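The structure under discussion appears below in the form of C-alpha cells.
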Amino acid sequence: MSSNQSNTQNGSEQKGKGSESAQTSLLKKTETITPEFESSIVNQLVTRFTDKIVQVVYVRPGRTKILVPPNQIVQVARFLKDNLEFDHAESVSGTDYPKDNQIEVIYHLSSYSDEKLSSHVLALSTRVDRNDARLPTLIDVFKSTEYHERETFEMLGVYFEGHPRNERFLLPEDWADIPPLRKEFRIKGR
Amino acid sequence: MENLDQKFNETIKMGLEIVKETEEDRLMTLSVGPQHPGSGHFRFTIKVDGDYVVYCDPDPGYVHRGEEKMCEYRNFIQNIPHLERPVIHDSTNITYSYSLAVEELANIQVPIRGQYIRALASELNRQVYTLYWLGIYGIFLGHSTMFMWPVGDRELFIDLLEALTGARVTHAFNIPGGVRNDMPEGFKDRCLSQVAYFEKRLDEYEDIFYNNPLFRQRTEGVGILTKEDAIKLGVTGSVLRASGIPFDVRKAEPYDIYNEVDFKVQYMKTCDSFARSMVPFLDMRESCQIIRQLLDKMPQSGEVRAKLQPNPKGPVGESYKRVESGRGALGYYIVSDGTPKPYRVKLSVGSFRNILALPHLLIGSKLADMPSIYWSLNYWPVEADR
C-alpha cells in the first residue's frame, strides 16, 4: 500500500515569485483548488473499495493517480462516473515496463458536468502482464475511450476484451511488426 | 406473362441464381480521402442510402509519424522541433504544454516576463491557426472570398510572429524554462496596430460570411451535437463550446499568467455546424482583448528564460499538463525515469478526441452536409495521427 500523499508544489506556484500581483493571484488559486479536495476524492474511493483495491499513487493539486487491479477497473470506473461525476476520458495511454514485465495503462479522466472537477484530471491506472496483456474495455462506461483504446491496442498490444474493434487504426493495415511503443521495438538506425 | 414465366424457368434450367435485391445492395459505398481535397490527409468510408449517410468509419493514420516513439530517443530539448510537426500552424501551442509538463517534472521556474511572452505568442499563433482553418472552411463551402481574406490577414500575424520568434511557421519558441528570446524593440506598438486593424476586419468577416444567407442555410440546424452527447463523446475545444459547455482550459485550469487576464469563455447553445464555426470566430475577437491585456500588464524588463543545465533532467516521476490550443485542450503526459530522455511521452490532442463525433454526426445527415459538418469539427488530420 503506497498511500504517500505528497503535497508536491505546483510548478506555477513557484513561478509566481518575484511579482506581487502573481502572488496574490496564487492565493486565489490555492483557495479554489486545495489538496483537501483532491484527497476527499481518493478517500471516497478508498472507503468504497478498500485500500487493497485502490492504491493511491499520488495526490497533487489538480492531479491524482490511483492504481487498481485489472479485474476491478470496470467497477472503479463506474463508481467514478456515477458517484464522482467524472464523465469523459481525455486520453488513454500505455507505458511499457519490460523490467517489471508489465504494461501500465492509464486513463486520464476529467469532468465537464461538474465545474469543481474541471481543473482536475484523475489518472486511473492498471498494470497487466506483458505476455498476456488483456484488459476489460471501459467503452461501456466511458464512450470517449473508444478510439483511444484502439490506439493503445495497436501501439502496445493490449487486447481490450469486449471492445467491438480491436483493429488497426493509425498504423498501416499490413503492419507486420511488433507493437511499436513496446520498448523492444527499435527505430531503424538508432 | 407466359413469356416471362418461360424465361424464368429457362433461367433456372441454366443454373443461374436469381438474387433478390437486399437492403445492403441499395447502399453505395464512398471512400472520402485521403487524396480527396475535402478531407485533408484523412480517409473515411461512408455508405449512402440515396441522399442520406447510413454508415461512417473514420480511418486516420495516413500521416502518422510516430512522434511519441521519436520522443523516447531524444532529450527533452531536442524534442521541441519535431513535436511542432503535427500541427505547424499552431506550433507555439503544441510546444507550450510540453514545456509546462517538463517544467513540472524538472521543477523549473519560469521568469514572469517569459510567461507573458509565451502567452502572447500562444495567442498570436492561435489567431494564425484559426484564420487558416476559417479559410479552408470557407472554400469548402464554396465561398472563395472567405479563403482569400483570412489567408491574407493571417500573413500579418505571421509577420508579427516572425519578428518575435525569427521563424514564420515553425518557431520552436517555447522551451522548458521560458522562451528563446525577448521581444524586439517596438513590437508592442506594431502588435497593437495590427490587432486594431484585425478587429475591423473581423466585422467585415461577419458581414460577408457569417451573415451570408447561403452560409447560414448550409450550416444552421445541420449536425446537431447535443450537450449530453458532447460530454459522452468527450469532445473538446470549439466543438464542445458550441454545444453549450463553457469549458476552456485557460479558465478552468489557468496556466502561467492566465489567471491575471480578464476574458470570457465564448460558447453557444445551438449545437449545430453554425455554432461550431462561430465559436472560433468569437474566440478570435476575445483573443484580441487578451493580446492587449498581455501587452499592457507585461513587466517592461527582466529575464525571459530560466537558466537550465546543459542537459536538463528530472527525477523519476510523471506529469500531465494541458493548454487550450486552436483545437481544444492539448495535453502532454510525460513519464521520466531520471535520465535526460523522456521514458514515455503521450500527446492527448483535440483532433483525435473530436473524430469520435464525426460518425455520430454524419450518420443520418445528408451527403451534401458532409463538408460543413466535417470542417466544423476543427479537425487537423496530422495532429490526430501524430
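Because the structure is predicted, anything quoted here is derived from the model rather than measured. Throughout, protein chains are lettered first and strands after them, A, B, ... in sequence-line order, and every chain is numbered starting at 1.
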Under 4.5 Å from a heavy atom of chain B, the part of [X] involved:
X      : answer
A:L181 : both
A:R165 : side chain
A:F185 : both
A:H108 : side chain
A:E104 : side chain

Exercise: do [X] and [Y] side chains pair donor with acceptor under 3.5 Å:
X      : Y      : answer
B:R353 : A:S144 : no
A:S111 : A:D114 : no
B:D256 : B:Y96  : yes
A:R130 : A:Q102 : no
B:S122 : B:N93  : yes
B:Y320 : A:E90  : yes
B:T45  : B:D57  : no

At a 4.5 Å cut-off on heavy atoms, which part of [X] comes close to chain A: side chain, backbone, both, or neither?
X      : value
B:K232 : both
B:I245 : side chain
B:A384 : backbone
B:E318 : both
B:V349 : neither
B:P246 : neither
B:I355 : both
B:N354 : neither

Pairwise side-chain contact, B:F76 with B:Y98, heavy-atom cut-off 4.5 Å (strictly under):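 B:F76 reaches B:Y98 side chain to side chain.
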Is there a side-chain contact between B:Y73 and B:K341 (heavy atoms, below 4.5 Å)?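 No; the side chains remain at least 4.5 Å from each other.
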Salt-bridge present (B:E68, B:R386; N to O < 4.0 Å):
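The answer is yes: the pair qualifies as a salt bridge.
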Inset, instruction - Heavy-atom pairs under 4.5 Å with chain B are the metric here; pick the option from A:R63, A:H120, A:H88 that has the most. - result: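 Between A:R63, A:H120, A:H88, the count favours A:R63.
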- Task: Check the pair B:R74, B:E67 against salt bridge (charged side-chain N to carboxylate O under 4.0 Å, His left out), reporting the backbone distance first and the verdict last.
- Result: CA-CA 11 Å; B:R74 290 162 174 81; B:E67 292 286 343; over 6 Å; no
message: Quick check: under 4.5 Å, non-hydrogen atoms only, which of residues 73-82 of chain A neighbour chain B?
response: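 Interface residues of residues 73-82 of chain A: none, nothing closer than 4.5 Å to chain B.
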* To do: Determine, step by step, whether B:R322 and B:E253 satisfy the salt bridge (charged side-chain N to carboxylate O under 4.0 Å, His left out) criterion, reporting the C-alpha distance in whole Å, the side-chain angles of both residues, the deciding distance to 0.1 Å, and the verdict.
  => CA-CA 9 Å; B:R322 48 187 186 167; B:E253 192 189 2; 2.8 Å; yes
(message) Between A:E149 (side chain only) and A:L138 (backbone N and O only), is there a donor and an acceptor less than 3.5 Å apart?
(response)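 Present.
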Item to check | Top of B:T236, B:D59, B:L240, B:V249 for chain A proximity - count of heavy-atom pairs under 4.5 angstrom | outcome: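 Ranked by heavy-atom pairs under 4.5 Å with chain A, first place is B:L240.
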